[in-house]
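Following: one structure in structure tokens, then a few remarks.
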Amino acid sequence: MEYKFSEIEEQIKKFWSDKNIYRVGDAESGKPKYYVLDMFPYPSGAGLHVGHPLGYIASDIYSRYKRMKGFNVLHPMGYDSFGLPAEQYAIQTGQHPAITTEQNIKRFREQYDKMGFCFDWSREVKTSDPEFYKWTQWIFIQLFNSWYNNSTDKAENISSLEKIFTTEGNANVKAAHAEVKIFSDNEWKNFSESEQQEILMRYRLAFLSEAYVNWCPALGTVLANDEVKDGVSERGGYPVERKLMKQWMLRITAYAERLLSGLNDLQWSESIKEAQRNWIGRSEGASAKFQIADSKLQIEVFTTRPDTIFGVTFLTLAPEHELINQITPDSHKKEVEEYVLYAKNRSERERMTEVKKITGVFTGAYAIHPFTGKQIPVWIGEYVLAGYGTGAVMGVPGHDSRDYGFAKYFNLEIIEVVKPIPDPFPKEGRNTGATNSLPLGESRSGAEAFEGEGKNINSAFLDGLKTADAKKKVIDEIEKNKIGERKINFKLRDAVFGRQRYWGEPIPVYYDENNIPRVVDENDLPIRLPEVDKYLPTETGEPPLANAKNWKYKNKFEFEKTTMPGWAGSSWYLFRYMDPHNKNAFAGKDKLDYWKQVDFYIGGSEHATGHLMYFRFWTKFLKDLGLVHIEEPAKRLVNQGMIQGVSQMVYFSKAEMKCYSTDLLRNSFENYNWTYADVNLVDAKGNLDIEKFKSWKPEFAEYKFQLNEDKKFICATAVEKMSKSKYNVVNPDDIIEKYGADCFRMYEMFLGPVEMSKPWDTKGIDGVNRFLRKLWKLFYSDDGKWLVTNEAATNEELKILHKTIKKVEDDIEKLSYNTSVSAFMICVNELTDLKCHKAEVLKDLLLILSPFAPFTTEFLWQEMKQGGSIVTTEFPKVREELLVKNSFEYPIAINGKTKTKITFALDKEISTIEKEVLDMEILKKYFEGRAPKKIIVVKGKMINVVV
RNA sequence: GCCCGGGUGGUGGAACUGGUAGACACGCAGGACUUAAAAUCCUGUCGCCCGAAACGGCGGUGCGGGUUCGAUUCCCGCCCCGGGCACCA
């Protein structure tokens, strides 16, 4: 019988679906749980390319393996189906994004099914489904109704805060909040309703706030920080500018400390953890207030180097700083206003690309140094960011490179206050670890700012102290004199949550008769996305939802018109899979208790600072409310690498109207132009199908094609990202059609470690294809006879089998799938050599191979009449006793170079081995008459003789 | 600039915790089968040198040093590639 994978796949697919084999139960299964999750895909119109399934295959193998190991495995799939592309398409064509999205989901589903993934589709979720976004809105309401209590270090209901305000005011409240004035209980009671609500808004975890946001005019919406890369939008690459806008935001900064410390215990890749640490950007230091001369005003700065305070020669304010107007004397108003205007009109992009450019202006005002009493000038500079710290810095040009650059440029005073301590034990050729340290005796004059640690000079009471001690001492002084306080700052900013877009979850907020924002009643959820006749903003610049007719809460109140960002639904979806059809809660308590958290999460590293941050934030929030019992959503995270494309290029000369086979050009490429050729027009050996190329790119129809000596036309290649525009996309459907799903799955794994990026090269797939055919031949002869016998297996055969079981088991745990595929190949090669067709061996081989090649193994399992399904059968146990070795072939090295091999029993005395080795005749010639100095015997490893 | 990864044959990659570098494949070369092709099977395949062959010699894991009986693996200093962050006080 021939190996006809497409028939097998059809038959087995039906077998599984008839048996409902992938249906996953909950606690009643009586088994320990294991939760494997793939990152939520956005169903794009392009479908999947060969790179996407990499992670899915890896998680699928793991899920199948865990299931065979006795776990109740949850391995669900769904869609993050709100998003920009469908909406952009809607704007262009008028087609409702829901329709486009549905079509794309259908296509994704077809592709998933072909690959034989063990998803339990009865648990499928879609973020754009009202049954799903009802709970996204519900969580938003909880965020709105919560504040973060820094004393208990958790989120609490806003009512507890109101109670405190009523009994004692806000003076002693430790909370994450925007700037508020201190008020007493009586004052609170006398505030109007809207004043009270205005204050509460400054404490809520979901809040409306006026802030500088990333505005993207081309997309017509604001973006969160992680959605902006290099000053342009991550999606589409459109310019982004800073704009002051009233926006819904989430107070993720309240969780900064927990988001940071929680990283330590996670089994995530170091690079992702580092990316998150940098993004959170915790720094310790102090705030200090500088009095403005002849004024009651003070300017507060934040610094991580309070020990350098005696080196302060100026202050710099961000152009957006709110005190600028008040401190600037009339004499300097004009220049200052001009400068502020200039800075304001510079886009984020310009600012970023011109980082080196130094700009600034003197305000005309002076501040008083809190310790020396000296007057120092107050400047405005673009290098100071409004959103970080206090928006003002103390200029220490001696010990900060930016301050140094600024001072040099504007000719401001520079004072040295920290001297580096020379390394007393300099190690030759070694990095001492100290940054910027100078060799002993070298002077610092004319050098740049020294940013390292050292000893204080020119610093009054700090003189002679080492940096760490000076910091401590100066902060004590600062606090004692009420100049400022010890402070921790974070780079992390609150997340902009509203989007001026149509295709997203409506924010469940309305505005009452006093225009106070209120969340809707939970019983009114979901607030459905209304129909609109066009998806663009209104003529008055309102978001698309303002186009909806008769869309009012309780028929009279205006709804909020912005929608939630793409990452809203994906911030909590892990819980919905546990209980996807629950009508009364986002997930039932019993389900949450059983499934707890994701044990194994797999997805791309591009989500390091976006999704993975919000995902953790929402989980922590839900935990604070007692709704879930876990602090972190995913214990172990693996980032699959990218599968790159191999682009094919044709070199040509326009003048000659001629294309050249690449091997003819050698080193003269620069004299020619090139153009992409679709990878599908090039055969496995790099040979271009010229006729097809001509009809694909008609502008080359009249060109001559210069072939090489073998009468071939060879394309140049480059490894690049797989993308439509590079014509290097390989579609998994084509591969599956040609080689079958099992072969596709195994080949993707065989390509290399899951975490690494690598180019897709279809050529290599033949190796895996041959392997599957060889496997088949252990079961069927060429003329279709069933070969499997019930003969007892020999020791040698069992050894081969159990060696493979052990290897595969270890490899799966380590996700080293490429080496398990090798192990299978070795096993089948060895069994083929022994002509082994014994059921005893083959049955276990099928079992261990089944997570990789589920279709073929299930088919053969059924042919072997083993009963049940291979999917639900137990993973075979290694019989270690078969693998015990009693002798070892030692490599014998002379001075570390292997010369020969000798076998010794493993329990042989080392001293006996030493003696025997030294007496060996073949080794004598290597000694060249010298007496061996030393012999090293490492049991079971090797022997080395030193002469 | 800073922070993470990574660099091994023509190609993808393997090598436990410092112990035989190049497993397993692809490709290539040669051969068998065939009228022929496909498929399949066999042999060889890191480089150089000697040789009829060797279970001969030398070199070799980006480069230069070091530690060690022994280094792809550990340490120091560089180079290159990929990714992230980027005036964060």
Side-chain angles (χ1 to χ4, degrees), chain A residues 229-230 269-279 281-283 285 301-305 308 316 351-352 354-358 381-385 387-396 399-403 405-406 427-431 435 489-493 605-606 608-609 639 641-642 644 684-685 719 747 750-753 755-768 770-771 773-774 777 782 810 816 818-826 829 889-901 922 925 933-936 938 940-947:
Chain A
K229 296 254 140 79
D230 300 324
S269 74
E270 216 33 60
S271 64
I272 293 273
K273 291 207 258 185
E274 270 304 306
Q276 293 216 342
R277 286 189 191 111
N278 292 338
W279 190 260
R282 182 184 195 274
S283 55
V301 302
F302 171 74
T303 176
T304 54
R305 291 296 301 271
T308 63
T316 316
R351 273 196 164 198
M352 278 183 172
E354 297 170 21
V355 162
K356 295 264 146 59
K357 190 169 159 187
I358 295 171
E382 229 183 340
Y383 77 100
V384 180
L385 304 177
Y388 182 75
T390 60
V393 301
M394 55 184 218
V396 186
H399 305 282
D400 179 282
S401 59
R402 295 150 307 182
D403 296 340
F406 197 76
K427 287 174 193 132
E428 209 176 332
R430 270 206 194 166
N431 184 356
T435 50
N489 238 316
F490 294 94
K491 277 203 284 190
L492 186 71
R493 314 286 169 81
S605 54
E606 69 272 22
T609 50
N639 301 113
M642 260 199 327
Q644 293 141 318
K685 288 173 186 163
V719 173
Y747 182 56
F750 188 55
L751 238 31
E755 297 94 327
M756 269 217 269
S757 291
K758 53 238 152 186
W760 173 269
D761 181 1
T762 307
K763 269 186 256 171
I765 202 167
D766 276 331
V768 174
R770 277 175 205 149
F771 160 77
R773 288 174 191 283
K774 273 189 206 165
K777 283 186 178 175
D782 286 340
D810 288 352
S816 179
N818 53 332
T819 50
S820 7
V821 176
S822 300
F824 286 126
M825 288 174 169
I826 293 168
N829 286 347
E889 191 183 36
Y890 285 89
I892 312 283
I894 307 297
N895 290 339
K897 297 273 173 206
T898 306
K899 299 294 179 187
T900 184
K901 289 173 192 174
I922 25 167
K925 62 175 172 181
K933 282 186 200 142
K934 195 173 175 185
I935 177 162
I936 294 129
V938 185
K941 299 265 190 194
M942 51 87 66
I943 296 166
N944 190 16
V945 185
V946 188
V947 294

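What you see is a predicted model, and the numbers here were worked out from it, not measured in a lab.
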- Does Arg770(A) have a side-chain nitrogen or oxygen under 4.0 Å from the phosphate oxygens OP1 or OP2 of C26(B)? yes
- Task: Taking atom P in both G6(B) and G13(B), compute the distance separating them and give it to the nearest angstrom.
- Result: 13 Å
- Query: Can you check whether Lys901(A)'s main-chain N or O pairs, donor with acceptor, with Glu889(A)'s side chain at less than 3.5 Å?
  - Reply: no
- Query: Whole-Å distance between C41(B) C1' and Asp766(A) CG?
  - Reply: 16 Å
- Aromatic ring proximity Trp279(A)/Phe490(A), centre distance under 6.0 Å: no
- Arg773(A) has an atom CZ; how far is it from atom P of A25(B), in whole Å? 16 Å
- Query: With sequence neighbours left out, what residues match Asp403(A) under side-chain hydrogen bond (donor to acceptor under 3.5 Å, both in side chains)?
  - Reply: Tyr383(A)
- Query: Is there a side-chain polar atom (N or O) of Lys229(A) under 4.0 Å from OP1 or OP2 of C85(B)?
  - Reply: yes
- Would a distance-only check, ignoring hydrogens and angles, find a side-chain to backbone donor-acceptor pair under 3.5 Å from Lys934(A) to Asn944(A)? no
- Message: Using whole Å, what does the distance between atom C1' of nucleotide C87(B) and atom CZ of Phe302(A) come to?
- Response: 16 Å
- Message: So if I define the base as every atom that isn't primed, P, OP1 or OP2, how would nucleotides 4-20 of chain B read as a B/S/- string at a heavy-atom cutoff under 4.0 Å?
- Response: S-------BSS-B--BB
- Base paired to G51(B) (Watson-Crick or G-U; both N/O distances under 3.5 angstrom): none
- Query: Which is true for Arg282(A) with a 4.0 Å heavy-atom rule: it touches a base, it touches only sugar-phosphate, or it touches nothing?
  - Reply: nothing
- What interatomic distance, in whole Å, is found between P of G22(B) and the corresponding atom of C28(B)? 24 Å
- Query: Paired with C46(B): which nucleotide, if any, by Watson-Crick or G-U wobble criteria at under 3.5 Å for both distances?
  - Reply: G59(B)
- Task: Taking side-chain hydrogen bond (donor to acceptor under 3.5 Å, both in side chains) as the test, write out the residues that go with Ser271(A), two or more places apart.
- Result: Ser269(A)
- Query: Expressed as a whole number of Å, how far does the P atom of G47(B) sit from that of C41(B)?
  - Reply: 25 Å
- Item | Complementary nucleotide of U17(B), counting Watson-Crick and G-U pairs under 3.5 Å | none
- For Ser283(A), report the nucleic acid contact type (base, sugar-phosphate, nothing); a contact means any heavy atom under 4.0 Å. sugar-phosphate
- Item | Protein-nucleotide distance (Gln644(A), atom CD; G82(B), atom P), rounded to Å | 10 Å
- Message: Check this for me: does any side-chain nitrogen of one of Glu606(A) and Lys229(A) sit under 4.0 Å from a carboxylate oxygen of the other?
- Response: no
- Item | Closest to the Lys934(A) side chain, choosing from A89(B), C41(B), C69(B) | C69(B)
- Selection from C26(B), A89(B), C85(B) that lies nearest to any side-chain heavy atom of Val384(A): A89(B)
- Query: Would G9(B) be called syn or anti, given that syn covers angles within 90° of 0?
  - Reply: syn
- Message: Suppose we define a pair by two distances each less than 3.5 Å, Watson-Crick or G-U wobble; what does A32(B) pair with here?
- Response: U40(B)
- Task: Can you tell me, in whole Å, how much space there is between the C1' of G77(B) and that of C26(B)?
- Result: 38 Å
- Message: Could you tell me how far apart Asp400(A) (CG) and G1(B) (C1') are, to the nearest whole angstrom?
- Response: 14 Å
- Rounded distance [0.5 Å steps], CE in Met394(A) versus CZ in Phe302(A): 10.5 Å
- Task: Classify the ring geometry between Phe771(A) and Phe824(A) as parallel (under 30°), tilted (30 to 60°) or perpendicular (over 60°).
- Result: tilted
- Message: Say we look at G27(B) and U35(B): how far apart would their C1' atoms be, to the nearest angstrom?
- Response: 29 Å
- Counting any heavy atom closer than 4.0 Å, what does Asp403(A) reach on the DNA or RNA strands: base, sugar-phosphate only, or nothing? nothing
